[in-house]
Each structure stands twice: as C-alpha cells, then as structure tokens.
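All remarks here apply to the structure that follows.
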Amino acid sequence: MTRIPRIEQYGLIGDMQTSGLVCDDGSIDWLCLPRFDSDAKFAALVGTPEHGMWRIAPVLANGEADHGVAAERRYRGDSLVLDSVWRTPTGTVRVTDFMPPRDGAPQVMRIVEGIAGTVAMVSIMCPRPGYGSVTPWIHPGDGRMVAEAGAEALWLDASVELVEKDGAIVSDFSVSAEQVVAFALSWGPSHDPAPQIPDAVAALTSTLEFWEEWAGQCRYDGPYREPVIRSLITLKALTHLPSGGMVAAPTTSLPEEIGGDRNWDYRLCWLRDASMVLLALLGAGYRQEAQAWRQWLLRAVAGDPDNLQILYGVTGERDLPERTLSWLPGYEGSAPVRVGNAAATQLQLDVYGEVIETLYLAHQSGVAYCADTAVLHQRLIEHLVQHWQEPDEGMWEIRGLPRHFVHSKVMAWVAVDRTIRLGEAGALDVDLPALRELREAIHTEVCTRGFDPVRNTFTQYYGSRELDAALLLIPQTGFLPPEDPRVIGTIDAVQRELSTPDGLVHRYETVDGSAGVDGLSGTEGTFVLCSFWKVDALALAGRLPEAEAMFERLLALRSPLGLLAEEFDPAADRQLGNFPQAFSHMGLIRSALRLYQLTAKPLSLMPGPWGSGANTEYTPVTDQVTSHVSLADLL
C-alpha cells in the first residue's frame, strides 16, 4: 500500500540556505539543493517515492523498511535538530536529523543511535534531481558513493557499507545499545573535487550550539514562550543567511484544497511576507535580521522602485517565470505542481505600506540610520503618491480582474502615515503638508467608498458586499481605533460571514465550481494567519476572553512538532497548503506578544517599538481619533 502522510507528519530541518522535510516514518521526502528555490533532489512529497526520497527506518521481517511511524519525535531543546525514536520488539533506536549551518558544501546529517537491545535498520536513498525527472549515475568514488547528474553531484558517506541497488544507495545494518552509525549527504558541482568527509558527531555539537545561542537572544519571557520560540526558530530557518531574503515557505504546490489546483510555489521572497515576519522578529528583540533584510531590499529593488515587484528570488532575482512539472502527480493527486510564480508581475499596492511600516519600525527599534534606505523610502512614497488610486490585485494575489481593495488603500494610508512620522522626527526629508493632505484624502475615500453603512462593516473592495479577513488589520494599523463602531462592526461581520462554527477564519468567500473574485475555481481551507488576526482584533477591542480562547484553539492546530501550514481544514482536521508557512508562525508570535502586553505587562517592558518611546497618540484629520494603541506602538 502506498503511504500518504499528512502534511503535519513532517518535520523541518535546514541550514538557513535550504531545507528538507522529514516524515515521521523516517523518510526525507523533500530536499532542494543548494538553495530553497533549487530543484528538489527528493520530491516524493509532491510525487511518489520514485521521484526521490531517503528513508532510514527499522526493518520488517521481510527485510523491507518499516512504514510505521516513530513512537516519539521532538526537536532537541531550542534547535532545529530533530530526534525520532522507534521502539521495536528487539530494541529501541533513535535517528537524529539535521543540517549544519553551512561552512562549505550543504549537508544533511542522519545519526542512528542504539538505545536498548539490537535493531535491524535499513537506509534507502533514492536521489532524483530535477524534481524527480532525472535518474543519476550512482557509483563508488574514493570509498564513498556518489550520484552524478549533469552539473551536480551528491556524495553519501556512512560508517557502514553502502551499495547501489536498483537506482538507489542502500545500506542494511544493525545498531545495539550505545552504538552509533552516521550518514552524511553532501552536495557539490560535479566538476569540482569531492567535498571533505564530514564529522557528523562534531557537526551535531556545533549545530546545537548555534541554535541554542540564537534562541537565547529572544527577549520574550511571557506566556506561550515554547510556541513562540519554536516559531522564531522556524522563521530563522526560512531566512537565506547569505542574502538576508526570507522565503514564504520551503515548499511548492502543497494544495489549499486536496485534489484542487490552488497550488503555488512559495520558495520565493515576498516583500509583504518578509516585512510582516520582520515585525515579529523585531518584537522579540532580533535586529540583525532586520538589517540584513534592509540590505537585501536595497539590492533587490536596485534603485528602481517604479518597477517594484511584490516578490523576488532569494538573492533578488526578478525573472520568476511560472511553469508546471507535468511528470509529478502532486500531493495526494493535487496537480499541477508549479515552480516559479506569475504573481511577480502583479500590482499590489499594500506592499508599499508593509515595506515602509517595516522601515519605520526598524528605525523605532534602533536599527542604524541608512542614507541609501532613506532615498529608497522617498522614491517608494513618490511612486505610491502617483498610483494609490489605481485598482490592484490585492494581498491575496487574485487572478481575476483588478479591483479597489480596501486593505490595499488602508496600507497606502499606512505608507503615508509612517512617512509623515519619520519626516516629523527628522529622519526623512519629505513634503509634510502635501503628505498630511494625502493621508486625509485616503482616509476619507476608504471610509466613504469602502464601508457598508447598512451592514456596519468595511468591505473587500469598493462597492462590494463581500468581506475580506484583511479588514481585521484596520485597528492594528492605526487607521481607526479598536473601539470605533465601524471596527467592531467589521469584526462581527467577519465572525458571522467568514468564520467556521469553531471560529477559524477564511480569507474571503470562495465559490466552489466557479471562479469568484480571485478568478479561481474550487475552495480552500481556513487561513491560519487570518485566524490570528482575529485574535489581535478581539484583544484590541477589549474582548480578551474571546481572544485568549481563540489563541488556544489555534495552538491546538500545530503539528506534534509545533509547526503550522498555511491553512487548516476543520472538517478533515488536517493542515493544508505550503509548510511550514512563515505567515502562520509570524501570526502566532505577534498574537502571543500582544496578549501578553494587554493582559500582563506594561508597554514600557519591551524594547524598541514595543516600549514607551514609541508614538502612542496620533490624530487623523478626518475622524479626530484622539487616542489609540497602533501597530507601531505594539508591534
């Protein structure tokens, strides 16, 4: 019987340049080398085992790998080192999977350790570069096994015998108590000399030290610290260390609907996603990542904000053509499998707000002034001034007709407002009277054209009746105070029209069998980040018991390893979409910190934008809001 693991059965390993997913049956079913967006060498996740995988597991009586799952799985401390324990009739064994922070060739380490008794084991590595389309030449080389395919090679080292069998590298071995067997997979150009044989045990020690030191920099010590730290580690793992870029997720085409075609490549750097993630990292005290991302942004935009893209490659590549991999059947038959993303060419006005908000909060948190960034900021706002009245594809990257999305206009207001704040602080040289007039104009237009007074709710786009979960962000941005009746009405409308009976939130209404506002057919699961947005909106509105209950419900959605995909299907009780998703983990962190601040500690406790040094009062010209706590003050 073909195994079909659920998404939440996978664990993440990575080296901050790429990553792999390890199933609880001992199989690495997804591994892209040498970068997040490189072709997968193991692609069983969106195909079959014949498309590439590497399983290490106990052996059944017939000599085949046991497809049973590990009895215990956990990350070792505050790290990305994954331990899996099997208990068999003959003994107990632990497999430790990790990728050391890179110092040369990218490597995957797998250490098998006997705990009790004696356990017969098998390692089956079936490398298939080109997303499972290429069968490499496998042969011995200097006492090692190498799989070569065109320009690249995979080198496998082990402390037990390795043989080639039916296009795979196989090892049958046994481990007894206190015995250790180590495997190390290294990638390199096929024309280069073979990489050095690594010391897996020494690499384990240094990897644990790296992650524990990084996690130890977290300044948050409130409730829910364990899920917050796990989410921070996950976000760090999705950061491309050499460039500072952040991928939205390390996978492609994990479906938003099983059997559907809402399958997208998320191994790219969205300005929006990265901006929101950085707000969470800044809130937890991590400034180095903000500095690295700021430099990545300068390089990616390349002095040309008039042609700003909403997403780039991990080192700033602009050309990201979308194509389908016809030979892959997709996860649980959910085809097509796509690589690249056509959304790179869309107009999404909200991105200007998210980027400028991040630059503003980086300044507030003490990230050093950068003259080049100031010039970029000025040019971004100049471009937005000329284009904010245009329809766009919105933050959900619709593939239907462009519209005047309310969230996009609100974020245009945010871009102008934060620019004004920096201008008033002397950090930017801008025309403050003109920008104040524009801020008022945007505010007036949104409140007039984007609000339904009959239902007392903001709407998805001008003139529509549809709702959008992104409207929950209005009080977080400072556009209106949380207690404003229009905000309360919007929260209640989302609760009524976009939420499931247990409170999970859909992004917007999808139309099964026909194309809706997004231009796509089919449906999707509830969106995890949107559910965290509801936690924040409820908390800011003073409905803390509801917010805390919702947050606890969302924590229960995490996988056994504390990971979250993009979406959740409450009917099937399973995760959906690319995994793990930066958006989801960012939402968890920010909601945990917000609840902590609103229920336990004064704002002055936290550094930077969290503390009393942030602006705590702003009066929009239109609505005479005299006091509220904005996103800039909290996050």
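The shortest side-chain heavy-atom distance between V505 and T526 does not fall under the 4.5 Å cut-off. Contact annotation: the side chain of W211 approaches that of I233 to within less than 4.5 Å [non-hydrogen atoms, C-beta and beyond]. Side-chain contact between D502 and R553: present, with at least one pair of heavy atoms (C-beta onward) separated by less than 4.5 Å.
Under the 3.5 Å distance criterion, with hydrogens and angles disregarded, a donor-acceptor pair is assigned to the side chains of T96 and R76. Between the side chains of Q17 and R35, not a single donor N or O lies within less than 3.5 Å of an accepting N or O. Using modelled atom types, one finds no donor on one side chain facing an acceptor on the other under 3.5 Å when comparing Y352 with E357. For the 3.5 Å distance criterion, the side chains of R594 and Q476 qualify, holding a donor opposite an acceptor. Using a 3.5 Å distance cut-off with no hydrogens or angles, the side chains of N263 and S334 do not pair a donor with an acceptor. Under the 3.5 Å distance criterion, with hydrogens and angles disregarded, no donor-acceptor pair is assigned to the side chains of Q348 and D392.
For Q288, the CD atom counts as loosely surrounded, since its 6.0 Å shell holds 12 or fewer non-hydrogen atoms of other residues, nucleotides or ligands.
When each of F527, F405, W264 is paired with W396, the ring pair (Phe, Tyr, Trp, His ring centres under 6.0 Å) condition holds for F527 and for no other.
Distance CG/L576 to CG/D569: 5.0 Å, rounded to 0.5 Å. Residue C530 holds its SG atom at 9.0 Å from CD of E567, rounded to the nearest 0.5 Å.
With hydrogens and angles ignored, the 3.5 Å screen pairs a side-chain donor or acceptor of T252 with a backbone N or O of R338.
Salt bridge D39/K41: present, at least one basic N to carboxylate O contact under 4.0 Å. Looking at R299 and E317, no side-chain N of the basic residue comes within less than 4.0 Å of a carboxylate O on the acidic one, giving no salt bridge. Checked for salt-bridge contact, R110 and D97 meet the test: a charged N lies under 4.0 Å from a carboxylate O.
Residues W214 and Y286 place their aromatic rings such that the two centres sit under 6.0 Å apart.
Stacking of R230 on the aromatic ring of Y75 is recorded, both the 6.0 Å distance cut-off and the 45° axial limit being met. No cation-pi contact links R267 to F36, judged by a cut-off of 6.0 Å to the six-membered ring centre and 45° from its axis.
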